[in-house]
Structures are given as structure tokens and as C-alpha cells.
There are 2 protein chains.
Amino acid sequence: MTATEGPSATGTGEPSAPGGGPAGHARGDTVAAVVQQWRAVHPGLDTSPMEVIGRINRCAALLQQAEDAPLRRAGLTRPEFDLLGALRRTGHELTPSELARETFSSGAAVTKRLKQLTERGLVERRGDTRDRRVAHVRLTDAGRELVDGILPAQLAYETAALSGLDGPELGELAALLGTLLGQLEGRLGALRA
Amino acid sequence: MTATEGPSATGTGEPSAPGGGPAGHARGDTVAAVVQQWRAVHPGLDTSPMEVIGRINRCAALLQQAEDAPLRRAGLTRPEFDLLGALRRTGHELTPSELARETFSSGAAVTKRLKQLTERGLVERRGDTRDRRVAHVRLTDAGRELVDGILPAQLAYETAALSGLDGPELGELAALLGTLLGQLEGRLGALRA
DNA sequence: CACATATGATTCACGAGTAAATTACCTGCT
DNA sequence: AGCAGGTAATTTACTCGTGAATCATATGTG
């Protein structure tokens with residue numbers, strides 16, 4: 001497992017424990033075990049938020065590992081694919097700032113990625129005629145074909161990863177996450193204080 | 001938001017879009033908009049897994065930003081806190097390898113963190129008497145106090161972050177994520193092929 | 001008992017991302 | 001017109017984590 005280590009999307013303050021012991025076939029998920037450890041040590045605290053947040057983080061970490069596979073096959077990192085995907089799905093050109101917002105990364109990171117992707121012939125840049133500070137980026141034909149070629153494999157992976165839940169459960173999970181995400185996106189600024 | 005950028009826990013292949021346009025007060029969550037863009041471009045593909053996976057990733061990214069705040073106040077990064085937390089909740093000493101597994105990071109990363117945390121007097125190392133390759137790491141009093149001091153603030157943040165969902169909803173979300181996570185942890189090795 | 005092999009921890013070289021500074025350009029104000 | 005201040009993109013210096021070696025030790029095998 002040390003092979004495809006995830007980034008730091010790991011723990012939220014409630015990391016997780018495979019068990020430490022030799023018997024690895026954890027029946028319940030690992031987060032439950034971690035939360036229980038915390039409860040034993042701090043009986044006074046309400047640890048219930050960990051059950052949600054810990055699992056979200058752990059799921060995100062695992063899913064990313066799994067999803068990296070089809071991308072790596074195509075020689076792309078996830079952030080690179082996110083960038084290309086933003087261009088593909090919006091259908092029109094985007095400026096570097098817009099790409100930064102779309103992919104939730106810093107402007108500097110976008111600059112670097114654009115350099116690489118341009119060298120590989122996947123995107124093209126064009127200067128704005130009115131405002132010469134801004135650039136416009138668009139997919140080349142090769143870039144669009146690459147994205148379109150990867151996407152089905154990506155979705156197949158995701159479907160396989162979620163196959164443990166049936167249709168209605170998935171719908172409910174999506175809905176709950178949707179309301180949570182809506183709240184988070186709205187409140188985030190406020191919480192950051 | 002460009003301020004406290006998260007790592008790469010970003011998009012799963014379905015990044016997200018605040019709108020690009022000036023009207024930023026997205027009512028629904030941003031993932032819905034992204035999925036809709038994909039559907040418009042690729043009407044043939046089943047994009048439903050994005051609704052779940054995209055949201056998981058986005059929630060993870062946002063929650064991590066929020067939770068970084070109380071940690072930074074204490075001068076700790078999240079991975080550092082995860083390491084200390086693993087020691088605290090298990091209650092006993094752990095070897096570097098065990099810490100790596102608990103925190104889902106590489107051995108090299110653990111080595112570096114241990115060096116820093118040792119210099120700050122938060123953890124102590126002890127060599128094993130039988131097997132002189134292994135080390136045993138334990139919290140110092142200062143380390144334990146630091147963790148115990150931070151934890152309540154951490155949980156408060158988490159509770160606040162989840163306040164958009166009521167009790168039953170949280171329970172259901174936790175349960176669904178639990179089964180998903182259980183499946184993922186079981187199947188991951190298989191999927192990695 | 002020596003040697004091949006495996007394992008725990010560490011070190012090293014590198015790639016990737018960030019924040020802060022920098023460059024280049026636009027725009028509102030007087 | 002000219003300048004103050006803001007914004008887009010990039011560059012710079014730095015941190016952090018990783019994968020691949022490396023060191024030190026343990027264990028099984030002939």
C-alpha cells in the first residue's frame with residue numbers, strides 16, 4: 001500500500017487505523033475504530049462529527065488513489081486532468097484566472113501546468129486583443145481527444161468504486177452531500193474567521 | 001478563497017465551477033453545475049457517479065481548509081496532528097512503521113515529522129531492546145497536553161461545519177459513508193490492478 | 001555457522017505546490 | 001494628460017512529500 005500514497009487528504013484530525021494487528025480484514029470501516037479509540041480516551045467529548053468528516057476524508061483519499069490509475073495510464077496527473085476537463089466541459093476558452101477558480105488551485109500552479117500542457121500540445125494560448133494582460137487558453141484537437149478518451153474509463157472506475165451501494169442509496173448519499181456542500185460553500189468564508 | 005488552497009484533494013475528474021460568471025451566490029452546490037456541463041457535452045455517458053464522488057472530494061477539500069485553522073493556531077500542520085493523535089488515541093507507543101500506517105503516509109514523511117516533533121519536545125523515541133532496528137515513539141507530557149488542548153476546538157469546528165444537517169441526516173450520512181468506506185477499503189487492492 | 005533474503009528506519013534527489021514579490025497592463029481621479 | 005491603485009499572469013524562493021537507494025539489523029536455509 002505504500003506504493004500509491006495519497007497526498008495529505010488523509011485524516012481530518014481522525015486519521016484512521018487499519019487495526020495495526022495482523023488480521024487486516026476489517027469488517028466495519030476503519031474510521032469507526034478510530035472514533036471509538038478517541039471516545040475511550042476522551043469520554044466527555046462529542047465525537048459524532050468525526051464519523052462523518054473522518055469518513056469523507058478517508059473516502060476522498062481512497063477514491064483518489066483508485067482514480068489516479070486511468071489518468072496515469074494517459075500520462076496525466078489529476079490536477080492536469082482537472083484543468084483539461086474544465087476546458088472541455090465549459091466548451092469555450094478560459095483565462096488562467098478562470099482556470100484557477102475552476103480547479104481550485106493557485107494561479108502559480110495553473111501557470112506551471114499550462115506550460116507543461118502547452119509543451120505537450122494539449123492546450124494553446126492566445127493573447128487577448130483588448131486587454132493584453134489576459135491570456136485565453138483552449139484545448140487543441142489532441143487535448144480534446146485525450147480528455148474524451150479518458151473520460152469513459154474514469155467514469156467506469158467511479159462506477160466500480162461505488163458499486164457497493166445500490167441506486168437509491170447512491171441517490172440519497174448524493175443528496176445529503178449536496179446539501180452539506182451547499183452549506184459549506186456558503187459558510188466557508190464565515191468559518192475562516 | 002485562493003488564500004488557503006487545499007492540496008490536490010480537489011476534483012475527481014469533475015472539478016467544480018463557481019459559475020465563472022459574476023453572480024457567485026450559487027444556490028445549489030457547485031458540483032451539480034459541473035456535472036450538468038459534462039452531460040451537455042457527453043450526453044451518452046452516465047455521469048451519476050460524479051454526483052457522489054465529486055461532492056466527496058469537494059467536501060473534503062473545504063472541510064480541510066476549515067479545520068486547518070485551529071491547528072495552525074497551535075503551530076501544527078494536519079499531518080503532524082494526525083501523528084500525535086494516533087499516539088494519543090491508541091494510548092501506547094507506536095513504531096514509525098505503525099505511525100505510517102495509521103496516518104496513511106510514507107515512512108519517509110513520518111521520519112521527517114518525528115524529527116521536528118522530537119525537536120519541539122512533543123514526542124520521545126526509545127530503541128527496542130530485542131530488535132534494534134525498530135524504534136518506539138511516545139508522546140511527552142507536553143505533547144499529550146497539546147493534543148488534548150486542541151481536540152475540543154477541532155470538534156467544535158467540525159460540529160459547526162456540519163451544522164447544516166440535522167441529527168437524523170447526519171446519522172444517515174455517516175451510515176452511508178460507512179458502508180461505502182467499508183467497500184472501498186476492502187476492494188481497493190483489487191481495483192488497483 | 002555463513003550467507004541470502006527480508007524488514008525497519010533513514011537519507012537523498014527530485015517534483016509539485018504555495019505565498020510573496022515582480023512585471024505588465026489597465027482604469028479611475030484630479 | 002498623468003499618476004495612484006488595482007488586476008492578470010508570471011517568477012522566485014521555499015516547504016513538503018514522495019520513490020528509490022542506503023544502512024543496520026534480523027531471520028531462515030543449506
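Values reported hereafter were calculated over all heavy atoms of this structure, with side chains retained and with hydrogens, waters and symmetry mates removed. Letters go in sequence order (proteins before strands), and every chain restarts at 1. Every value quoted in this text rests on a predicted model; they were computed, and no experiment measured them.
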Is A:R113 near enough to C:dA16 that one of its side-chain N or O atoms lies under 4.0 angstrom from OP1 or OP2?
no
Rounded to the nearest Å, what distance is computed from the CZ atom of residue B:R101 to the C1' atom of nucleotide C:dT7?
12 Å
Transitively linked via ILVMFWY side-chain contacts under 4.5 Å: B:V35 with B:V41?
no
Interatomic distance where CZ belongs to A:R78 and P belongs to C:dG17 [whole Å]:
13 Å
Nearest-nucleotide wise, let me know which of B:L114 and A:E80 is further upstream toward the 5' end of DNA chain C.
B:L114
Given atom NZ of A:K115 and atom P of C:dA16, what is their separation to the nearest angstrom?
12 Å
Within the side chain of B:E172, is there an N or O that forms a donor-acceptor pair under 3.5 Å with the backbone of B:E169?
no
Of the options D:dT10, C:dT10, D:dG17, whose atoms approach the side-chain atoms of B:P79 most closely?
D:dG17
Side-chain donor-acceptor pairs under 3.5 Å in residues 110-119 of chain B, sequence neighbours left out?
residue: B:T111; atom: OG1; partner: B:G107; partner atom: O; Å: 3.1
residue: B:R113; atom: NH1; partner: B:S105; partner atom: OG; Å: 3.0
residue: B:T118; atom: OG1; partner: B:L114; partner atom: O; Å: 2.5

What is the distance, rounded to the nearest whole Å, between atom CG of A:L83 and atom P of C:dA16?
14 Å
Quick check: does any side chain N or O of B:E158 sit under 3.5 Å from a backbone N or O of A:I53, one acting as donor and the other as acceptor?
no
Relative to the 5' end of DNA chain C, which residue comes earlier, A:A109 or B:V110, by the nucleotide with the nearest heavy atom?
B:V110
NA contact type, B:T95, heavy-atom cut-off 4.0 Å: base, sugar-phosphate, or nothing?
sugar-phosphate
Phosphate OP1/OP2 of C:dG15 contacted by A:Q116 side-chain N/O (<4.0 Å):
no
Within residues 123-137 of chain B, the residues having a heavy atom closer than 4.0 Å to DNA chain D are B:R130, B:D131, B:R132, B:R133
By nearest atom, which of the nucleotides D:dT10, C:dT18, D:dT18 is closest to the B:K112 side chain?
D:dT18
side-chain hydrogen bond (donor to acceptor under 3.5 Å, both in side chains) involving A:R132 - partner list, sequence neighbours excluded
none
Looking at A:A86 and A:E102, what are the two nearest heavy atoms and their distance?
CB-CB, 4.0 Å
Whether A:S106 contacts C:dT18 is assessed here as follows: a side-chain N or O lying under 4.0 Å from the phosphate OP1 or OP2. Is that the case?
yes
Mind calculating the distance between CD (B:Q64) and P (C:dT18) to the nearest angstrom?
13 Å
A:P96 and A:A135 have their tightest heavy-atom pair at CD-O, 3.3 Å
